[in-house]
Engineer: 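Just passing along the structure, written as structure tokens.
Values reported hereafter were calculated over all heavy atoms of this structure, with side chains retained and with hydrogens, waters and symmetry mates removed. Bear in mind the structure is a predicted one, so any value in this text is a computation, not a measurement.
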Amino acid sequence: SDLSIRLADIAVSRSTVIGVTLAACFLAGLSLQWIPTEVIFGLIVIGAAGWLCIRRPYAGLILYMCLEFLRPTERFPVLAPLHLTRFVAIFVLIGWLVRRRKDGYALGLKAPENLAVGCFLLAAALSIPFAVWKGPAFSTTIDVGKLAVVFVLIANLVNTPKRLMGFMTAYILLNVLISGEQLFHYGTVTVEPEALLRVGGSSGSWLGEDGDFALAMGVALPFAYFLIWSNIRPVIRVLCGIAALMFVISVVATGSRGGAVGMAMVLFVLILRSRQRLVAASVIVGFILVALALAPPEYLQRMSTIVAPRDRDLSAQSRMLSWRAAKQMFIDRPFVGVGAGNFLTAFVREYGGAYSWSRTTHNVFYQAASELGLCGILSFLLLLGLAFWRSIVLNARLVSAGLGAGPIAAFTAALFPSTMGYLTSGSFQTPLYYPHLFIIAALAVALNNIGKSILPEEVEAVSRWRVREKTWRKFARTSR
């Protein structure tokens with residue numbers, strides 16, 4: 001066969017092609033003797049991920065979500081130096097920028113969430129020069145920058161109902177996978193419910209500690225729950241019900257008291273935001289009874305300590321010490337804080353703490369105020385407020401247009417209890433730099449733009465004042 005090729009207008013002979021191929025193979029084989037196999041494997045993985053993300057940015061976004069939730073770099077330490085989530089986020093961003101005109105991706109969206117995320121990133125960056133320890137502040141700021149990129153990508157790439165369903169399906173399935181894994185380990189390995197059930201085997205992961213895992217389940221639950229009542233195929237609705245039940249059981253399995261309080265708030269808001277509250281209450285009570293039936297007696301004993309006096313609870317005393325220290329940090333450095341990710345360092349060096357005591361603020365508000373100062377706490381509050389506002393206002397418009405039974409309305413309604421779960425559980429955890437809030441904010445922007453595209457013109461023509469006036473008055477009735 002003819003192996004000759006033509007480059008531009010220059011013909012390359014068969015012998016030259018064969019020679020170059022053999023030389024390339026020889027050099028590749030020789031490199032195996034000098035370059036570690038892990039490096040070669042890493043380059044192949046990064047190259048394949050980069051090609052997929054640049055060619056198909058939306059598929060790259062789904063890949064990023066898989067990497068973020070399944071944590072392969074923690075399951076397989078050989079992958080840790082690759083920083084796959086950072087590289088994938090950058091590749092998807094490049095792919096989106098390159099292909100935005102061809103595929104119809106808008107370069108930017110005019111939304112107040114953009115300002116809030118930008119201010120949050122700015123607050124983290126400004127804290128670096130004034131941080132107690134600049135290394136963790138810089139590393140944390142890089143992570144915040146990655147989450148800001150992910151926020152932009154979700155808000156822009158999830159721009160059609162089909163893509164929204166694909167993204168949310170992946171999000172729910174990923175939570176089902178980690179929930180199933182956690183429940184498997186709990187049933188086969190763990191004896192006491194208060195044991196830390198780690199996902200990925202690393203306490204540094206945002207899914208590793210029991211309270212953090214419970215928070216993640218509480219955030220994901222509303223998105224699966226509201227699909228139960230949507231006009232989708234019955235088999236999908238049943239599967240969503242099973243997923244929601246798994247999330248509730250997972251919270252019980254962690255033994256986290258803060259997670260239990262957060263889940264209780266989520267379930268209460270789900271009932272409040274449901275049209276048929278009696279039916280919703282029956283379903284949710286059923287979830288709770290099943291979860292408690294599977295829990296050991298020690299779980300209820302642990303939950304009873306929530307209302308125990310603080311002087312008898314070492315964990316509560318530890319939290320109080322952290323909160324007082326965080327409050328004093330904010331008073332001492334109100335504008336830029338002690339630096340992103342610097343609470344523990346500042347606590348030990350300057351505020352009389354010890355590594356054997358509490359290692360975190362145990363409160364997301366104190367975390368934002370103490371580490372990022374005014375700019376950080378204000379941008380954080382703005383993101384929370386916008387998520388609540390988007391959920392209420394857009395859901396009211398969809399219901400008014402007769403679209404309240406669709407998946408888009410279900411996801412919109414889920415924003416409110418999901419944010420409330422993050423807020424409640426976050427009052428006992430430190431999830432400020434976790435992806436939950438950035439994903440919720442990005443979904444709020446994406447849902448708002450998709451909702452506008454499907455709403456009838458006459459509904460969109462209603463003045464904003466009228467929508468605000470009706471929204472609060474019909475809060476319960478217009479809810480999902």
Engineer: Looking only at heavy atoms, what is the nearest atom pair of Val219 and Ser418, with distance?
Structural biologist: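 Closest approach of Val219 to Ser418: O-OG, 2.8 Å.
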Engineer: For the CG atom of Leu372 and the CG atom of Leu432, what is their distance to the nearest 0.5 Å?
Structural biologist: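 If we round to the nearest 0.5 Å, Leu372:CG and Leu432:CG are 6.0 Å apart.
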Engineer: Does Ser127 use its side chain to pair, donor to acceptor, with the backbone of Ala340 at less than 3.5 Å?
Structural biologist: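 Yes, Ser127 side chain to Ala340 backbone: donor-acceptor pair under 3.5 Å.
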Engineer: Could you give the distance from OG1 (Thr85) to CE (Met65), rounded to the nearest 0.5 Å?
Structural biologist: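 With rounding to 0.5 Å, OG1 (Thr85) is 12.0 Å from CE (Met65).
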Engineer: Quick one, Val364 with Leu437, criterion side chain to side chain contact (heavy atoms under 4.5 Å, CB included). Give me CA distance, side-chain angles, the key distance, then yes/no.
Structural biologist: CA-CA 11 Å; Val364 68; Leu437 186 59; over 6 Å; no
Engineer: Counting C-beta onward and ignoring hydrogens, is there a side-chain heavy-atom pair between Val251 and Leu215 closer than 4.5 Å?
Structural biologist: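 No. Closest side-chain heavy atoms not under 4.5 Å.
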Engineer: Would you please name every residue forming a side chain to side chain contact (heavy atoms under 4.5 Å, CB included) with Gln328, sequence neighbours left out?
Structural biologist: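 Once residues adjacent in sequence are excluded, the partners of Gln328 under the side chain to side chain contact (heavy atoms under 4.5 Å, CB included) criterion are Ile331, Asp332, Tyr351.
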Engineer: Is there a side chain to side chain contact (heavy atoms under 4.5 Å, CB included) between Thr419 and Leu383? Walk through the geometry before answering.
Structural biologist: CA-CA 10 Å; Thr419 307; Leu383 279 174; over 6 Å; no
Engineer: Between the side chain of Asn449 and the main-chain N/O of Val445, is any donor-acceptor distance below 3.5 Å?
Structural biologist: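 Pair found, side chain donor or acceptor close to backbone of Val445.
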Engineer: Would you name the heavy atoms of Val266 and Pro222 that are closest together and state the gap between them?
Structural biologist: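 Closest heavy-atom pair between Val266 and Pro222: CG1-CG, 3.9 Å.
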Engineer: If you measure from CE on Met263 to CE on Met217, what distance do you get to the nearest 0.5 Å?
Structural biologist: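 Rounded to the nearest 0.5 Å, the CE-CE separation comes out at 8.5 Å.
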Engineer: Excluding sequence neighbours, so at least two apart, what forms side chain to side chain contact (heavy atoms under 4.5 Å, CB included) with Leu63?
Structural biologist: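 Counting only residues at least two positions away or on another chain, Leu63 forms a side chain to side chain contact (heavy atoms under 4.5 Å, CB included) with Ala49, Leu52, Cys53, Leu67, Val88.
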Engineer: Identify the heavy atoms of Ser370 and Ala326 that sit nearest to each other, and give their distance.
Structural biologist: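 Shortest heavy-atom separation between Ser370 and Ala326 comes out as CB-O, 3.6 Å.
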Engineer: Distance check, rounded to the nearest 0.5 Å: Glu181 atom CD versus Leu183 atom CG?
Structural biologist: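 So the gap between those two atoms works out to 10.0 Å.
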Engineer: Does a side-chain heavy-atom distance below 4.5 Å link Pro112 with Leu382?
Structural biologist: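 Result no, sub-4.5 Å side-chain heavy-atom pair not found.
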Engineer: May I ask you to test the Leu267-Leu221 pair for a side-chain heavy-atom distance under 4.5 Å?
Structural biologist: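 With C-beta onward as the side chain, the pair touches.
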Engineer: Restricting to non-hydrogen atoms, name the atom on Gly373 and the atom on Phe330 that form the minimum distance, rounded to 0.1 Å.
Structural biologist: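 Heavy-atom minimum between the residues: C-CE1, 4.1 Å.
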Engineer: Does Ser256 offer a backbone N or O that forms a donor-acceptor pair with the side chain of Asp210 under 3.5 Å?
Structural biologist: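 Not a single qualifying donor-acceptor pair exists.
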Engineer: Does Gln182 reach the main-chain N or O of Ser250 with its side chain, forming a donor-acceptor pair under 3.5 Å?
Structural biologist: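 Yes; at least one donor-acceptor contact below 3.5 Å.
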Engineer: Please list, one pair per line, the donor and acceptor atoms closer than 3.5 Å that link side chains of residues 288-295 to other protein atoms, with sequence neighbours excluded.
Structural biologist:
none

Engineer: Under the side chain to side chain contact (heavy atoms under 4.5 Å, CB included) rule, collect the residues that match up with Leu147, sequence neighbours excluded.
Structural biologist: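 Here the qualifying residues are Tyr64, Pro435, Phe438.
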Engineer: Leu394 and Lys452: side chain to side chain contact (heavy atoms under 4.5 Å, CB included), yes or no, with the steps?
Structural biologist: CA-CA 9 Å; Leu394 180 58; Lys452 286 183 178 180; 5.9 Å; no
Engineer: When you measure from the side chain of Asn156 to the backbone of Val152, do you find a donor-acceptor pair of N or O atoms at a distance under 3.5 Å?
Structural biologist: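 Yes; at least one donor-acceptor contact below 3.5 Å.
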Engineer: Hey, can you tell me if Tyr434 and His436 have their rings parallel, tilted or perpendicular (30° and 60° cut-offs)?
Structural biologist: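 Perpendicular.
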Engineer: Can you list the residues that meet the side chain to side chain donor-acceptor pair (under 3.5 Å) rule with Asp143, with sequence neighbours excluded?
Structural biologist: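 Partners of Asp143 by the side chain to side chain donor-acceptor pair (under 3.5 Å) criterion, ordered by chain and then number, come out as Arg86.
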Engineer: Are any side-chain N or O atoms of Ser453 and backbone N or O atoms of Ile450, one a donor and one an acceptor, separated by less than 3.5 Å?
Structural biologist: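 Flag set: sc Ser453 to bb Ile450 pair under 3.5 Å.
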Engineer: With a 4.5 Å limit on heavy-atom distance, are the side chains of Phe411 and Leu443 in contact?
Structural biologist: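 Answer no - side chains too far apart.
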Engineer: Does Gln429 have any side chain to side chain donor-acceptor pair (under 3.5 Å) partners at least two apart in sequence or in another chain, and if so, which?
Structural biologist: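 Counting only residues at least two positions away or on another chain, Gln429 forms no side chain to side chain donor-acceptor pair (under 3.5 Å).
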Engineer: Is the shortest heavy-atom distance from the side chain of Asp212 to the side chain of Trp206 under 4.5 Å?
Structural biologist: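 Not in contact.
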Engineer: What distance separates Leu70 CG from Glu68 CD, expressed to the nearest 0.5 Å?
Structural biologist: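 It comes to 10.0 Å.
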Engineer: Counting heavy atoms not belonging to Phe388, are there more than 12 under 6.0 Å from its CZ?
Structural biologist: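 Yes, the 6.0 Å shell around CZ holds more than 12 heavy atoms from other groups.
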Engineer: What's the separation between atom OG1 in Thr430 and atom CZ in Phe365, rounded to the nearest 0.5 Å?
Structural biologist: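 Those atoms lie 13.5 Å apart.
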Engineer: So does Leu173 get a backbone contact from the side chain of Asn175, meaning a donor-acceptor N/O pair under 3.5 Å?
Structural biologist: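 Side chain of Asn175 to backbone of Leu173: no pair is present.
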Engineer: Under the side chain to side chain contact (heavy atoms under 4.5 Å, CB included) criterion, do Ile439 and Ile154 qualify, and how do the steps go?
Structural biologist: CA-CA 8 Å; Ile439 293 176; Ile154 295 175; 4.2 Å; yes
Engineer: For residues Leu384 and Tyr422, determine if any side-chain heavy atom of one lies less than 4.5 Å from a side-chain heavy atom of the other.
Structural biologist: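 Touching, per the 4.5 Å side-chain cut-off.
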Engineer: If you count heavy atoms of other groups shown closer than 6.0 angstrom to CZ of Phe87, is the number above 12?
Structural biologist: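 12 or below, so no.
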Engineer: Run the side chain to side chain donor-acceptor pair (under 3.5 Å) test against Thr424 and tell me which residues pass, sequence neighbours left out.
Structural biologist: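 Here no residue qualifies.
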Engineer: Is a side-chain donor or acceptor of Asn363 paired with a backbone partner of Tyr366 at a separation under 3.5 angstrom?
Structural biologist: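 It does hold such a pair.
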Engineer: Sequence neighbours left out, what pairs pass ring-ring contact (aromatic ring centres under 6.0 Å, His included) with at least one residue falling in residues 139-181?
Structural biologist: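 Every pair satisfying ring-ring contact (aromatic ring centres under 6.0 Å, His included) with a residue in residues 139-181: Phe69-Tyr171, Tyr171-Phe223.
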Engineer: Run the side-chain hydrogen bond (donor to acceptor under 3.5 Å, both in side chains) check on Gln276 and Trp229 step by step: do they pass?
Structural biologist: CA-CA 10 Å; Gln276 300 178 355; Trp229 315 104; over 6 Å; no
Engineer: With a 3.5 Å distance limit and no angle check, can you tell me whether Arg163 reaches the backbone of Leu157 through a side-chain donor-acceptor pair?
Structural biologist: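 Yes, because the side chain of Arg163 sits within donor-acceptor range (under 3.5 Å) of the backbone of Leu157.
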Engineer: Go through the structure and list residues passing ring pair (Phe, Tyr, Trp, His ring centres under 6.0 Å) with Tyr433, not counting sequence neighbours.
Structural biologist: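 None.
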Engineer: Just jot down the side chain to side chain donor-acceptor pair (under 3.5 Å) partners of Arg237, sequence neighbours excluded, or say none.
Structural biologist: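 Side chain to side chain donor-acceptor pair (under 3.5 Å) check on Arg237 returns nothing, list empty.
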Engineer: Backbone N or O of Thr360 within a donor-acceptor pair of the Ser322 side chain at under 3.5 Å?
Structural biologist: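 Checking the backbone N and O of Thr360 against the side chain of Ser322, a donor-acceptor pair under 3.5 Å is found.
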Engineer: Side chains of Arg390 and Glu113: does their closest heavy-atom pair fall under 4.5 Å?
Structural biologist: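 In contact.
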Engineer: Partners of Ser391 by side chain to side chain contact (heavy atoms under 4.5 Å, CB included), sequence neighbours excluded?
Structural biologist: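 Counting only residues at least two positions away or on another chain, Ser391 forms a side chain to side chain contact (heavy atoms under 4.5 Å, CB included) with Arg273, Leu415, Phe416.
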Engineer: Quick one, Trp323 and His362 - any side-chain contact, counting heavy atoms below 4.5 Å?
Structural biologist: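 With C-beta onward as the side chain, the pair touches.
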Engineer: Over all heavy atoms of both residues, which pair between Met165 and Thr169 is shortest? Give the atoms and the distance, please.
Structural biologist: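 Reported closest heavy-atom pair: O-OG1, 2.6 Å.
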Engineer: Ser425 and Gly262: which non-hydrogen atoms are nearest, and at how many Å?
Structural biologist: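 In terms of heavy atoms, the two residues are closest at OG-CA, 3.3 Å.
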